[in-house]
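Whatever order the structure lists ligands and atoms in, that order sets their numbers, starting from 1.
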Amino acid sequence: MVNHQTIGDRAAHLSPEDLAALRENLHEQRLFRQEQLRQIAAAPRAEDLLRRRSAAQAEVHVKVAASARMVLADVEAALRRIAEGRYGTCHLCRRPVERDRLMIVPQARYCARCQQVREAGR
Ligand SMILES: [Zn+2]
């Protein structure tokens with residue numbers, strides 16, 4: 001369980017304007033992904049694609065949907081963190097996630113260093 005003693009340093013490196021811009025960006029991403037998933041759901045089902053088109057195409061379809069769902073989950077988690085005042089802190093080292101990094105990837109959970117370590121560990 002996370003303790004709540006760290007309220008003082010939450011997102012201290014982000015101004016209210018930064019947070020507003022990031023939240024706006026996340027809302028747009030959420031809409032975009034929801035729309036993408038709706039379109040995929042409305043498209044012919046994967047089994048039909050398998051029959052009528054190539055299996056490779058159906059696989060791409062499934063992968064796009066899976067990645068859209070993953071990004072959507074990340075975006076929603078980030079919006080939740082903003083609402084709860086926990087946004088902008090690295091989940092691993094608990095240091096602030098770089099402002100520049102958040103401006104590019106607002107749903108980032110980790111600081112650039114921890115992200116690199118995680119990717120190297122794969
Ligand atoms: Zn970190």
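- If you put the vertex on the Zn ion (ligand 1), SG of Cys90 and SG of Cys111 sit 120° apart, to the nearest 10°.
- With contacts defined as side-chain heavy-atom distances shorter than 4.5 Å, the pair Val75/Arg33 does not qualify.
- Of the angles at the Zn ion (ligand 1), the one spanning SG of Cys93 and SG of Cys114 is 110° when given to 10°.
- Around CE of Met103, the count of heavy atoms belonging to other residues, nucleotides or ligands within 6.0 Å exceeds 12.
- Counting heavy atoms from C-beta on, the side chains of Glu76 and Leu72 come closer than 4.5 Å.
- With a cut-off of 2.8 Å, the Zn ion (ligand 1) has no N, O or S atom of His91 in range.
- Using a 4.0 Å cut-off between charged nitrogen and carboxylate oxygen, Glu59 and Lys63 count as a salt-bridge pair.
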